[in-house]
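The shown structure was predicted, so the numbers you read here are calculated from the model rather than taken from an experiment. Sequence positions, counted from 1, serve as the residue numbers for this chain. Reckoned from all heavy atoms, side chains included, excluding hydrogens, waters and symmetry mates.
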Amino acid sequence: MELWPGAWTVLLLLLLLLLPTLWFCAPSAKYFFKMAFYNGWILFLAVLAIPVCAVRGRNVENMKILRLMLLHLKYLYGIRVEVRGTHHFPASQPYVVVSNHQSSLDLLGMMEVLPGRCVPIAKRELLWAGSAGLACWLAGVIFIDRKRTGDAISVMSEVAQTLLTQDVRVWVFPEGTRNHNGSMLPFKRGAFHLAVQAQVPIVPIVMSSYRDFYCKKERRFTSGRCQVRVLPPVPTEGLTPDDVPALADGVGHSMLTVFQDISSDSRGGGDCLKTPGVAGEARL
C-alpha cells in the first residue's frame, strides 16, 4: 500500500521533531550521529580526493592532498589540537614514526603533525573500505595482513628498502589495534624491527587521552582538547635484531611517561580512564 502525499509530510515533520529531541535529550544518540557523520564525511572527501590523486597514480605525495582535505575536521567537532616538539623530526632522512592508537579520531592528530613523505602502515581490511580504501592506496598507504605473519614480515622487508631508496617515512601504531581504555597496550615489535633493519631513527609521537571529550563506552563525544607531543628521535644505528626487545620496551616506557603527563590535566574519566601500562610479550 502506498502512503498518500499527506502521510509523507507527517512522517517528515515527525522526523524533524524527533532528531532535535534525540540530539538534546539523548547523549548516546548524539554520539552515534557524530560518529556516523565523521565516517560518512571521510568517505565523501575520499570520493573528491580520488580523481585528484589519480593524476599521479599511486604516490606518497598524494598524502598531502588527503591531509589538506582532512585538516578541517577538528573545527567541525570543536576539538583543539595542540602540537609540540615538531623540531624533533629529522630534517632530511627516512625514519619510522611510532604513535599510540586510541580510536579513529587519531586521524585528527595525525593530520595535524604528519611530516612530508610519510605514509601510515595500515591493516589490509582498510583497503576494502570503499572510497577511503582507494584514496589511501593512491596516497601510498602500506597495507599488511596482520593475520598472516609471513606476509607481514615480507612487506616489512620491502618497506625497509623503500625507506632507503625513496626517502619515505612510515607511521606505525605499534599497539596493533585501537585502545579505548585510556591506556597503552603492549607494543608489537614490527616497527622496531623495521627501523633496525633499515638503520633509521624512531620518532615517538604521543597523543593525550581523549577522555576529555570522547568515550566509546559512555557513548560520549563532545568538544575538547588533544595534546600531541613529538619526542626526540631514537637512533638505531649499530643495533641488531637482538636489541629490538629492549628498544621497544624503552620507547614504550618513555611514551607511557609522556602519555600520563599530558593526559593528567584532562577532564572526564569514568570507564574510559584506567591505569595505563605497557606490558606483556610483543610480537610482529
Side-chain angles (χ1 to χ4, degrees), residues 38-74 76 86 89-99 101 104-174 176-178 190-191 193-195 197-203 205 230 284:
Y38 179 81
N39 293 303
W41 187 243
I42 288 175
L43 290 172
F44 172 72
L45 292 175
V47 171
L48 301 180
I50 287 170
V52 181
C53 294
V55 174
R56 283 197 189 102
R58 180 169 164 82
N59 192 309
V60 296
E61 292 295 334
N62 283 330
M63 185 57 69
K64 293 179 180 178
I65 297 173
L66 300 191
R67 180 174 183 263
L68 183 63
M69 286 189 159
L70 294 169
L71 276 173
H72 71 285
L73 281 171
K74 61 182 180 182
L76 293 179
T86 53
F89 284 124
S92 58
Q93 71 173 105
Y95 48 85
V96 175
V97 174
V98 294
S99 174
H101 194 16
S104 60
L105 298 183
D106 292 339
L107 193 62
L108 303 180
M110 177 189 287
M111 293 300 105
E112 195 73 17
V113 74
L114 189 74
R117 296 189 63 77
C118 182
V119 295
I121 292 181
K123 59 183 181 181
R124 189 168 182 81
E125 289 83 351
L126 178 61
L127 183 59
W128 315 117
S131 57
L134 179 54
C136 287
W137 182 84
L138 287 169
V141 172
I142 301 164
F143 299 97
I144 61 172
D145 188 345
R146 295 181 302 184
K147 297 178 181 179
R148 302 178 65 179
T149 303
D151 289 348
I153 293 175
S154 176
V155 170
M156 285 296 192
S157 297
E158 294 177 8
V159 172
Q161 294 300 316
T162 302
L163 283 172
L164 300 175
T165 59
Q166 300 183 26
D167 187 29
V168 173
R169 294 93 183 177
V170 296
W171 185 301
V172 185
F173 295 104
T177 188
R178 298 172 185 174
H193 278 290
L194 170 62
Q197 182 176 345
Q199 294 287 282
V200 298
I202 294 170
V203 181
I205 293 182
V230 182
L284 180 67

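Listed here is the closest heavy atom pair of Ala191 and Val96: O-CG1, 4.1 Å. The heavy-atom pair separating Gly133 from Phe143 by the smallest distance is O-CZ, 4.2 Å. Between Ala49 and Leu66, the shortest heavy-atom contact is CB-CD2, 3.6 Å. Residues Ile50 and Ser131 come closest through the heavy atom pair CD1-O, 3.6 Å. Of all heavy-atom pairs spanning Val203 and Pro90, the tightest one is CG2-CD, 3.7 Å.
Counting heavy atoms from C-beta on, the side chains of Cys136 and Leu127 never come closer than 4.5 Å. Contact of the Thr86 side chain with the Val113 side chain is registered, since non-hydrogen atoms from C-beta on lie closer than 4.5 Å.
Classified by interplanar angle (parallel below 30°, tilted 30° to 60°, perpendicular above 60°), the ring pair Trp41/His72 is perpendicular.
For the atom pair NE2 (His101) and CE (Met110), the distance works out to 8.0 Å, reported to the nearest 0.5 Å. Note: Leu126 CG to Leu134 CG = 11.0 Å, rounded to the nearest 0.5 Å.
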Compile the donor-acceptor pairs under 3.5 Å between side chains in residues 53-63 and protein atoms, sequence neighbours left out, one pair per line.
residue	atom	partner	partner atom	Å
Arg56	NH1	Asn62	OD1	3.0
Arg58	NH1	Trp137	O	2.5
Arg58	NH1	Val141	O	3.4
Arg58	NH2	Val141	O	3.1
Asn59	OD1	Glu61	N	2.8
Glu61	OE1	Lys64	NZ	3.0
Glu61	OE2	Arg117	NH1	2.9
Asn62	ND2	Cys53	O	3.1
Asn62	ND2	Gly57	O	2.8
Asn62	ND2	Leu138	O	3.0

Derivation of the side-chain contact (heavy atoms from CB on, under 4.5 Å) call for Lys123 and Ile144: CA-CA 5 Å; Lys123 59 183 181 181; Ile144 61 172; 5.8 Å; no
CA sep, side-chain torsions, deciding dist, call: Leu163, Tyr95, side-chain contact (heavy atoms from CB on, under 4.5 Å): CA-CA 8 Å; Leu163 283 172; Tyr95 48 85; over 6 Å; no
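Arg67 contributes a side-chain N or O that, together with a main-chain N or O of Met111, makes up a donor-acceptor pair within less than 3.5 Å. Looking at Arg169, its side chain does come within 3.5 Å of a backbone N or O of Gln93 through a donor-acceptor pair.
Ile42 meets the side-chain contact (heavy atoms from CB on, under 4.5 Å) test with Tyr38, Leu70, Leu73, Leu107; sequence neighbours excluded. For Ala160, the side-chain contact (heavy atoms from CB on, under 4.5 Å) partners are Leu194, Gln197, Ala198, not counting sequence neighbours.
Put simply, the residue from Val98, Ile205, Ile121 that forms a side chain to side chain contact (heavy atoms under 4.5 Å, CB included) with Trp171 is Ile205.
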